[in-house]
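Report on the structure given below.
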Amino acid sequence: MFIDFSKNIVKLMMATIVVFTMASCSKTAVPGAIMSVEEIAIDGYDPVAYFTASKAYKADATFSYSYKGLTWYFESNENLESFKTNPEAYIPVYGGFCAYEIAEGDIEQSDPRYWHIHNRQLYLFNDEDAKEEWFRDIDTMLVESNREWGLMTTPEAAEVE
C-alpha cells in the first residue's frame, strides 16, 4: 500500500513537471528588433538602395552608420545621409525577417536579395517562393503578419490570447 501511494506521488510530480515545462516552452520568444548577422543589419544590404535604385545592393563598410545597436551599410554617402535623416522610413518591416514566415507564425532569416516595396514599406523574404506566396493574397498576409509580429514582439499580448 505504501508503494502504491509513493508511485502515485511520483506520477503526480512528473505530470506537474511536464505541465510547467510545456507552459514555459509555449511562450513566444521575442525576436531581435532587426535581423542582423554579427551585428550588421540586414546582412549588409543598403536599405536605402531598395527605394532609390530599386535594387538589392550588398554594401561594404565604406559608408556605415550605427543605429539601434547595429551597423548599417550603404552604397553611397547620399544613401547614408538619407538614412540618417529618417531611418525608420528605410528599415524593413518585421525587423527584416521573412514577411511570409512571420505570417505563418515563424521567425526566419530573410535573404535580402528577395524583397518588395509595398505602400512605401520594405518587405524581405527568404526566397522567391515565399515572396510569390506572400503576394497571392497580400491583404490577408498583411493582416496575419501584423498580428503575428505583434504577438512575437509583445509577449504580454500572447498571454492574453
Side-chain angles (χ1 to χ4, degrees), residues 22-161:
M22 289 174 63
S24 66
C25 290
S26 67
K27 288 189 178 181
T28 304
V30 178
I34 301 166
M35 186 190 85
S36 70
V37 178
E38 297 179 12
E39 313 252 331
I40 298 173
I42 60 173
D43 201 23
Y45 280 77
D46 179 341
V48 178
Y50 293 106
F51 294 90
T52 59
S54 297
K55 69 177 184 176
Y57 182 84
K58 178 107 177 182
D60 59 30
T62 304
F63 302 102
S64 64
Y65 181 66
S66 180
Y67 181 73
K68 291 198 172 190
L70 299 173
T71 302
W72 298 78
Y73 290 166
F74 303 91
E75 176 181 24
S76 66
N77 191 54
E78 292 79 21
N79 286 4
L80 168 60
E81 292 304 319
S82 292
F83 186 84
K84 283 182 178 180
T85 301
N86 187 7
E88 296 301 320
Y90 300 106
I91 292 175
V93 177
Y94 315 127
F97 294 98
C98 178
Y100 175 76
E101 295 298 335
I102 294 292
E104 296 293 311
D106 296 321
I107 299 171
E108 203 169 299
Q109 295 275 11
S110 63
D111 181 335
R113 296 176 299 167
Y114 303 101
W115 61 279
H116 187 79
I117 294 174
H118 179 74
N119 290 338
R120 295 193 311 239
Q121 292 186 303
L122 175 62
Y123 294 86
L124 300 178
F125 303 92
N126 57 5
D127 59 29
E128 192 63 39
D129 291 339
K131 182 178 171 181
E132 287 176 14
E133 281 297 317
W134 170 263
F135 283 103
R136 285 183 198 208
D137 187 4
I138 189 168
D139 293 330
T140 300
M141 296 304 270
L142 282 169
V143 169
E144 288 298 311
S145 293
N146 289 336
R147 185 179 73 77
E148 290 295 330
W149 185 247
L151 292 173
M152 290 174 188
T153 56
T154 312
E156 311 83 62
E159 292 173 8
V160 172
E161 258 196 3

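Just so you know, these numbers use all the heavy atoms, side chains as well, and skip hydrogens, waters and symmetry mates.
- In this structure the side chain of Asn126 never reaches within 4.5 angstrom of the side chain of Gln109, judged on heavy atoms.
- Remark: the Glu144 side chain and the Tyr100 side chain contain no N/O donor-acceptor pair separated by less than 3.5 Å.
- Closest approach of Gly96 and Ile42 over heavy atoms only: CA-CG2, 4.5 Å.
- Contacts of Glu133 classified as side-chain hydrogen bond (donor to acceptor under 3.5 Å, both in side chains), with partners at least two apart in sequence or in another chain: Arg136.
- For Asp127, the side-chain hydrogen bond (donor to acceptor under 3.5 Å, both in side chains) criterion is met by no residue, not counting sequence neighbours.
- Closest approach of Ala103 to Ser145, counting heavy atoms only: CB-OG, 3.1 Å.
- Of all heavy-atom pairs between Ser110 and Cys98, the closest is CB-N, 3.8 Å.
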Donor-acceptor contacts, no H, no angles, side chain residues 116-125, under 3.5 Å, sequence neighbours left out:
{"residue": "Gln121", "atom": "OE1", "partner": "Tyr123", "partner atom": "OH", "Å": "3.3"}

Step by step, would you call Lys58 with Asp43 a side-chain contact (heavy atoms from CB on, under 4.5 Å)? CA-CA 8 Å; Lys58 178 107 177 182; Asp43 201 23; 3.6 Å; yes

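- Atom CE of Met141 sits about 10.5 Å away from atom CD1 of Ile102, to the nearest 0.5 Å.
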Evaluate the criterion side-chain contact (heavy atoms from CB on, under 4.5 Å) for residue pair Leu80 and Tyr73; output intermediate values, then yes/no. CA-CA 8 Å; Leu80 168 60; Tyr73 290 166; over 6 Å; no

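- With sequence neighbours left out, the side-chain hydrogen bond (donor to acceptor under 3.5 Å, both in side chains) criterion links Glu78 to Ser76.
- Without hydrogens or angle criteria, Asn146 side chain to Leu142 main chain gives a donor-acceptor distance under 3.5 Å.
- For Glu81, the salt bridge (Lys or Arg N to Asp or Glu O under 4.0 Å) partners two or more places apart in sequence, or in a different chain, are Lys84.
- With sequence neighbours excluded, the residues that form a ring-ring contact (aromatic ring centres under 6.0 Å, His included) with Phe74 are Phe83.
- How far OH of Tyr94 is from OG1 of Thr153: 11.0 Å, rounded to the nearest 0.5 Å.
- Within the model, atoms NZ of Lys131 and CG of Asp111 stand 11.0 Å from one another, a figure rounded to the nearest 0.5 Å.
- At a threshold of 4.5 Å between non-hydrogen side-chain atoms, the residues Pro47 and Ile91 do not count as touching.
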Please step through side chain to side chain donor-acceptor pair (under 3.5 Å) for the pair Glu88 and Tyr67, ending with a clear verdict. CA-CA 10 Å; Glu88 296 301 320; Tyr67 181 73; 2.6 Å; yes

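- Scanning for ring-ring contact (aromatic ring centres under 6.0 Å, His included) contacts around Tyr90 gives Phe51, with sequence neighbours left out.
- Residue pairs meeting the salt bridge (Lys or Arg N to Asp or Glu O under 4.0 Å) criterion with at least one member in residues 44-53: none, sequence neighbours excluded.
- Nearest heavy-atom pair, Pro112 versus Ala56, reported as atom, atom and distance to 0.1 Å: O-CB, 3.6 Å.
- For Glu148, there are no salt bridge (Lys or Arg N to Asp or Glu O under 4.0 Å) partners, not counting sequence neighbours.
- Under the rule for a salt bridge (Lys or Arg N to Asp or Glu O under 4.0 Å), Glu101 has no partner lying at least two apart in sequence or in another chain.
- Shown here are the side-chain hydrogen bond (donor to acceptor under 3.5 Å, both in side chains) partners of Thr62, two or more places apart in sequence or in another chain: Asp60.
- Every ring-ring contact (aromatic ring centres under 6.0 Å, His included) that Tyr50 has, sequence neighbours left out, goes to Trp115.
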Take Glu75 and Lys55 through the test side-chain contact (heavy atoms from CB on, under 4.5 Å) and record every step on the way to the result. CA-CA 11 Å; Glu75 176 181 24; Lys55 69 177 184 176; 3.2 Å; yes

Could you walk me through whether Phe97 and Trp149 satisfy the side-chain contact (heavy atoms from CB on, under 4.5 Å) test, starting with their C-alpha distance in whole Å, then the side-chain angles of each, then the deciding distance to 0.1 Å, before giving a yes or no? CA-CA 10 Å; Phe97 294 98; Trp149 185 247; 3.9 Å; yes

